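Structure first, then comments.
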There are 2 protein chains.
Amino acid sequence: MPSEPAPRRIGAADSKTRARLVDAAEQLLLEEGHAAVTSRRVGARAGLKPQLVHYYFRSMEDLFVEVFRRRAEESLARTDRALTASASLRTIWEINADPRGAAFNVEFVALAKHHPAVRAEVARYARRYRAMQLRALSRALAEAGVAPEDAPPMVALLLMTGLTQVMALEQVLGVTAGHEETLVFVQDLIDRLDGGRRAG
Amino acid sequence: MPSEPAPRRIGAADSKTRARLVDAAEQLLLEEGHAAVTSRRVGARAGLKPQLVHYYFRSMEDLFVEVFRRRAEESLARTDRALTASASLRTIWEINADPRGAAFNVEFVALAKHHPAVRAEVARYARRYRAMQLRALSRALAEAGVAPEDAPPMVALLLMTGLTQVMALEQVLGVTAGHEETLVFVQDLIDRLDGGRRAG
DNA sequence: GTCTATACTTCGATAGAC
DNA sequence: GTCTATCGAAGTATAGAC
């Protein structure tokens with residue numbers, strides 16, 4: 001049987017040096033975009049030799065996946081805590097409207113289009129996040145007395161997600177016409193629903 | 001006075017060769033993402049020497065701007081034609097739901113984050129497109145008998161834009177849970193509004 | 001007005017030293 | 001288990017020939 005072409009050795013996953021490289025990659029990704037995340041620049045940012053990137057990660061794609069995974073897990077945990085503390089419509093909206101992570105999304109969606117490993121990881125996270133929010137929103141809408149026929153939780157969730165994402169994205173471009181008006185409208189709606197429970 | 005540092009000569013804007021380079025760049029952008037749009041690869045795709053890219057464009061960023069501008073103008077013209085022919089809610093929705101261009105958006109938003117010239121061009125287009133749609137949607141909602149207090153046109157437009165964008169984006173990831181349900185819901189709503197004009 | 005020869009930088013990756 | 005010396009390929013851009 002044709003043995004594998006001698007895989008090169010990869011550093012331990014719990015290495016301190018490895019964590020520093022992931023930190024550096026994350027910073028570069030946020031500040032300058034994924035095109036700036038090269039082994040040389042990551043090494044320089046971490047104060048380490050660039051070759052170490054290739055020692056700890058089989059490829060640059062692997063490094064991207066690791067950066068994403070770390071942030072995604074943290075984000076899921078934070079959202080879970082917030083929803084456990086309070087599952088009101090207001091809380092769910094605020095979690096969605098939080099612009100942190102919007103810059104990340106832009107970079108990782110672009111990466112996902114052409115890197116299968118990144119795409120798989122982003123998709124996995126998107127599904128978990130969606131399911132978590134859907135559970136909370138279903139309950140919150142029911143408690144607010146909104147009938148599922150009038151506003152199916154999944155439809156409401158996609159509308160909310162889309163709205164916050166498009167506004168975060170336009171913020172980057174400096175296009176903010178209508179944002180304030182829309183935020184006021186949505187928050188009024190939520191106040192009415194959250195306040196007047198079982199009122200319709 | 002310190003004269004400019006000798007700008008190098010740039011090819012004519014109406015050159016046939018130049019158009020071929022823009023075509024090649026557009027193809028590469030769609031197929032493999034903006035990271036694949038390098039002078040070498042654009043040249044190869046066009047069947048030309050890579051140096052020609054630098055003859056016709058002062059920088060790679062200029063090439064990106066040109067690719068974007070060409071598509072954006074075409075898209076604006078197409079939308080304008082569609083809205084002139086029919087300004088119903090259904091038409092406006094269908095224009096938005098058209099997934100063509102979604103792949104482009106992902107690439108150019110990522111580029112815009114770190115290339116000022118691209119950002120300015122994308123923002124300019126976004127504003128024009130938004131204004132064009134807002135005019136049409138305001139009229140369509142009024143004709144359907146929807147009061148601006150119940151559904152302000154700007155709010156409705158941002159919701160619609162966000163919804164179609166987030167679905168197009170998730171399509172790329174292979175995450176389509178809830179999409180069908182949401183499409184049916186929206187289309188039912190539109191049918192009711194477009195059909196029962198002045199019904200409320 | 002058009003194109004090419006060439007310079008110089010940076011890239012990802014690996015083989016082998018400690 | 002950790003790190004470095006080094007490679008070949010690919011990147012942008014310009015000066016100068018036609």
Side-chain angles (χ1 to χ4, degrees), chain A residues 3-25 28-29 31-67 107 110-111 114-118, chain B residues 3-25 28-29 31-67 107 110-111 114-118:
Chain A
S3 64
E4 287 293 310
R8 90 172 178 280
R9 293 193 298 160
I10 295 297
D14 61 350
S15 158
K16 184 94 177 169
T17 301
R18 193 186 121 115
R20 279 172 64 190
L21 292 169
V22 177
D23 288 340
L28 279 170
L29 188 75
E31 292 168 18
E32 306 186 42
H34 66 258
V37 182
T38 67
S39 50
R40 285 174 138 84
R41 300 205 54 191
V42 169
R45 175 64 67 107
L48 297 165
K49 298 272 161 111
Q51 300 95 314
L52 286 175
V53 171
H54 299 289
Y55 168 58
Y56 283 105
F57 302 93
R58 206 165 295 277
S59 68
M60 295 306 287
E61 189 177 12
D62 276 15
L63 172 56
F64 282 121
V65 168
E66 187 59 25
V67 170
E107 300 295 339
L111 276 171
H114 309 288
H115 292 273
V118 174
Chain B
S3 65
E4 287 292 309
R8 89 173 179 279
R9 294 193 298 161
I10 295 295
D14 62 349
S15 158
K16 185 93 179 168
T17 301
R18 193 186 121 115
R20 279 171 65 191
L21 291 169
V22 177
D23 289 340
L28 278 170
L29 188 76
E31 293 168 16
E32 307 186 42
H34 67 258
V37 182
T38 67
S39 48
R40 282 173 139 88
R41 299 204 55 189
V42 169
R45 174 64 66 107
L48 297 165
K49 297 270 161 106
Q51 300 95 313
L52 286 175
V53 172
H54 299 288
Y55 169 56
Y56 284 104
F57 301 93
R58 206 166 295 278
S59 67
M60 294 306 288
E61 188 177 12
D62 277 14
L63 173 56
F64 282 122
V65 168
E66 187 59 26
V67 170
E107 301 295 339
L111 277 171
H114 309 287
H115 292 272
V118 174

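Since we're looking at a predicted model, the values are computed, not measured. Within every chain, numbering begins at 1; the chains are lettered A, B, ... in the order of the sequence lines, protein sequences first and strands thereafter.
Among all heavy-atom pairs drawn from B/S15 and B/Y56, the shortest one is OG-OH, 3.0 Å. The two residues B/E61 and B/V118 come nearest to each other via the heavy atoms OE2-N, 3.8 Å. Smallest separation of non-hydrogen atoms from B/A46 and B/L21: CB-CD2, 4.1 Å. Pairing each heavy atom of B/A24 with each of B/R45, the nearest pair is CB-CG, 3.6 Å. In terms of heavy-atom proximity, B/G47 sits nearest to B/R20 at O-NH2, 4.0 Å. Of all the heavy atoms in B/Y55 and B/R9, the pair that sits closest is CD1-O, 3.8 Å.
B/S39 has its side chain out of reach of B/V42: every pair of non-hydrogen atoms, C-beta onward, lies at least 4.5 Å apart. For the pair A/V53/A/R40, no side-chain contact is recorded, criterion being any heavy-atom separation below 4.5 Å from C-beta on.
The side chain of A/Q51 lies closest to D/dA5 when the candidates are D/dA13, D/dA5, D/dC3. When distances run from any side-chain atom of A/L52 to the nucleotides D/dT4, C/dT4, D/dT14, the shortest one goes to D/dT4.
Atom NZ in A/K49 sits roughly 17 Å away from atom C1' in C/dA13 (whole-Å rounding). A straight line from NZ of A/K16 to P of D/dC3 spans 13 Å, rounded to a whole angstrom. In this structure, A/L48 places its CG atom 8 Å from P of D/dC3, rounding to the nearest Å. Look at NE2 on B/H54: it is 10 Å from C1' on D/dT14, rounded to the nearest Å. Distance CZ (B/R8) to C1' (C/dG1): 15 Å, rounded to an integer number of Å.
For C/dT2, the OP1/OP2 oxygens have no side-chain nitrogen or oxygen of B/T17 closer than 4.0 Å.
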Please write out each protein N/O paired with an N/O of nucleotides 16-18 of chain D under 3.5 Å, distance rounded to 0.1 Å.
| from | atom 1 | to | atom 2 | distance (Å) |
| --- | --- | --- | --- | --- |
| D/dA17 | N6 | B/R9 | NH2 | 3.1 |

Between N or O atoms, less than 3.5 Å apart, protein on one side and nucleotides 8-11 of chain D on the other: list the pairs.
| from | atom 1 | to | atom 2 | distance (Å) |
| --- | --- | --- | --- | --- |
| D/dG11 | OP1 | B/T38 | OG1 | 3.0 |
| D/dG11 | N7 | B/R40 | NH1 | 2.3 |
| D/dG11 | O6 | B/R40 | NH1 | 3.4 |

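In this structure, A/A12 and B/F57 both approach DNA chain D, and ranking their closest nucleotides by distance from the 5' end singles out A/A12.
Nucleic acid contact class of B/Y56 (heavy atoms, under 4.0 Å, all strands): sugar-phosphate only.
Between A/H115 and A/F64, the angle of the ring planes lies from 30° to 60°, which puts this pair in the tilted group.
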